[in-house]
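Inspection log for the structure reproduced underneath, given as structure tokens.
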Amino acid sequence: MSEEFNNVYEDLEWRNAIAHATPRAREILSRDKITCYNGFDPTAKSLHVGNLVPIMGLVRMQRYGHTPIVIVGGGTGMIGDPSGRSDERKLLMVDIIDENVAGIQQQLESFLDFTPSLSNPAQVINNADWLRKVSLIEFLRDVGKHFSISTMLGRESVQTRMDREVGISFTEFSYQLLQAYDFLKLYEDHNCTFQMGGSDQWGNILGGVDLVRRVHGGAVADEPDSANREAAGSLAQALAYPLITTSTGEKFGKSIGGAPTLDPDQTSPYRLYQFFYNTTDADAVPYLKLFTLLKKTRIEELERAVHEAPRERAAQQSLAAEMTRTVHGDRGLEEARRVTNALFSDDLRKLSASELRGAFTEATHGTVSPADLADGITLASAVTVHGGGMIASASDLRRLVAQGAVKINGKVETDPLRPLTSADFIDDQVMVVQRGKKSHDLIWLETDQR
RNA sequence: GCAGGGGUUGGGGAGUGGUUAAACCCGGCAGACUGUAAAUCUGUUGCCUAUGGCUUCGCAGGUUCGAAUCCUGCCCCCUGCACCA
């Protein structure tokens, strides 16, 4: 597929996308065309930038001819993974989970190729299909039998929780069995032999690998060097991605209002573009490797650019453009660039009211009625009382104005108590409230016919 | 259940009758520099109709001119011991 690497493993390796892998993962990925899977938790109805590494992992697998399966955890989502959590997770309602599963499925379609006529079409499978149906007795006999309590108790995710006051419920404790069962099911029904996931999942992932090997390979935990063990060793493989952090050690994805999602209604293409555009120099190349499909030669070119002409920000621009295009398409990228140009030249009048509406899906929105205007509503009141939380309080606004941080429609504001007029609204419809350099919110003027 | 310790502004953590909207650190927000970066520096970080006023220190009540600071009751948390195994 690619002229640069012999197989996915090498590709992923070069991208620093492998934190752990089973011993024979490289060998098998380079020799066979396999079916692999990655699970996603349906805790929200949209995926977010933190999911990009696993998504791109599947995309790369598919490009090298392997068959990707996405498991959405409609069943496991009802239990909750204790990994990385200090508290018992609250259980989600079934219908919310199902809704989230549908949303995630749709988003994945812009990454993976689901065309059924392909030799390796991607597919989405909901583990609720079996988890909600399996009987307790059957589960305990077929799955539980293969797990040792002491191993399960040894898990770090379990340990940390047991050390705390809150403890861990049996329900969450069982999570590792359910995840392992997924792998077993996929192995049996879809000939899936390879699991991928984040390094925080590595323990759970190995649980699945082990289960498959025991059930189908006759491997026994107590005889690690037996012939059975050796034969079983080729049955199931796995790989884990590293936890992505910024160069300053923060968890990737942190930004105003949390991690940007891949849903244009929650995070506009503009915001996603900006998120990646603002990547610091030290992170730009690592991110290009992890998140984009750009070729090695191209990335190396950009790497040089970062060193030689950092102020051009060629790497950040490519990163932002690539990501915006893969998530939101050419039109999304187009929009993101147009809005960026207008906003960072303070020439907001270049944008129409409807463009602003599309550009700021995630911004705070407020509304003011013509009657309010007639009453001489002040800027402070519009922005706080009617602003839906864009600025916390009049005091806050006062401080920001004093620091010269507030712009209305691109012009620095000096008087927070001045009454508004219809001239403050672009196209007589919308006012852009800018707080600092990068944060924009909108106030709409309600039309008479509502 | 008994004995100790503790609950302070986003987090950590000072403060034990007035000069305390409450030190300090972190975090947040903004400004400067630069490259819409990082680092650094600066300002700011309860609310308001703002040279003043109001509301905050687990909850409720009380003492006092005056309380986060003292008293009473209640709630919650931690640490020992006991009970239970």
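Below, chain A is the first sequence line, B the second, and so on; all start at residue 1.
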Residues in side chain to side chain donor-acceptor pair (under 3.5 Å) contact with [X], at least two apart in sequence or another chain:
X: T245(A); value: none
X: Y37(A); value: Q195(A)
X: T261(A); value: T267(A)
X: Q429(A); value: none

Who passes ring-ring contact (aromatic ring centres under 6.0 Å, His included) against [X], sequence neighbours left out?
X: H20(A); result: W202(A)
X: Y270(A); result: F360(A)
X: Y287(A); result: F252(A), F291(A)

OP1 or OP2 of rC29(B) less than 4.0 angstrom from a side-chain nitrogen or oxygen of K438(A), does that happen here?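 Checking rC29(B) against K438(A), no side-chain N or O comes under 4.0 Å of OP1 or OP2.
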Tell me: [atom1] of [X] to [atom2] of [N], nearest whole Å?
X: R311(A); N: rA38(B); atom1: CZ; atom2: P; answer: 16 Å
X: F276(A); N: rA37(B); atom1: CZ; atom2: P; answer: 17 Å
X: H307(A); N: rA38(B); atom1: NE2; atom2: C1'; answer: 14 Å
X: D441(A); N: rC29(B); atom1: CG; atom2: P; answer: 14 Å
X: R435(A); N: rC29(B); atom1: CZ; atom2: P; answer: 8 Å
X: L343(A); N: rU36(B); atom1: CG; atom2: P; answer: 14 Å
X: R271(A); N: rU36(B); atom1: CZ; atom2: P; answer: 18 Å

Integer angstrom distance from the [atom1] of [N] to that of [M]:
N: rG58(B); M: rC26(B); atom1: C1'; answer: 24 Å
N: rA85(B); M: rU69(B); atom1: C1'; answer: 45 Å
N: rU8(B); M: rU55(B); atom1: C1'; answer: 16 Å

Comparing G404(A) and T280(A) on RNA chain B - which has the more 5′ nearest nucleotide: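 It is G404(A) whose nearest nucleotide is closer to the 5' end.
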For L417(A) and A405(A), take the nucleotide of RNA chain B holding the closest heavy atom to each; which residue's nucleotide lies nearer the 5' end?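 Residue closer to the 5' terminus by nearest nucleotide: A405(A).
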With side chains defined as the heavy atoms from C-beta onward, is the minimum distance between V8(A) and H66(A) less than 4.5 Å?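 Answer yes - side chains close enough.
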From the set rA38(B), rG31(B), rG35(B), return the single nucleotide nearest to any side-chain atom of K437(A).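 Looking only at heavy atoms from C-beta outward on K437(A), the closest nucleotide is rG31(B).
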Could you please name the option among rA30(B), rA38(B), rG35(B) that lies closest to any side-chain atom of Q403(A)?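 Closest of the options to the side chain of Q403(A): rA30(B).
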Inter- and intrachain pairs under side-chain hydrogen bond (donor to acceptor under 3.5 Å, both in side chains), touching residues 329-338 of chain A, at least two apart: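 Matches after skipping sequence neighbours: R325(A)-D330(A), R338(A)-E355(A).
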Given protein heavy atoms under 4.0 Å, the one-letter contact record of nucleotides 52-57 of chain B, with B base, S sugar-phosphate only and - none, is simply ------
Under a plain distance cut-off of 3.5 Å, with no hydrogens placed, do T364(A) and D441(A) share a side-chain donor-acceptor pair?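 T364(A) and D441(A) do have a side-chain donor-acceptor pair below 3.5 Å.
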Between N7(A) and Y64(A), do the side chains contain a donor N or O and an acceptor N or O under 3.5 Å apart?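 Judged by distance alone, the side chains do not pair up.
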Report, one line per pair, each donor and acceptor closer than 3.5 Å where one atom sits in a side chain of residues 395-403 of chain A; sequence neighbours left out.
residue, atom, partner, partner atom, Å
D396(A), OD1, R399(A), NH1, 3.4

Considering every strand and a 4.0 Å limit on heavy-atom distances, what is the contact class for E312(A): base, sugar-phosphate, or nothing?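 Answer is nothing: E312(A) stays at 4.0 Å or more from every strand.
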Near RNA chain B, which residues from residues 389-402 of chain A have a heavy atom under 4.0 Å away?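 Correct list: S393(A), A394(A), S395(A), R398(A), R399(A), L400(A).
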Between protein and nucleic acid, restricted to nucleotides 39-41 of chain B and to nitrogen or oxygen atoms under 3.5 Å apart, what atom pairs and distances do you find?
none

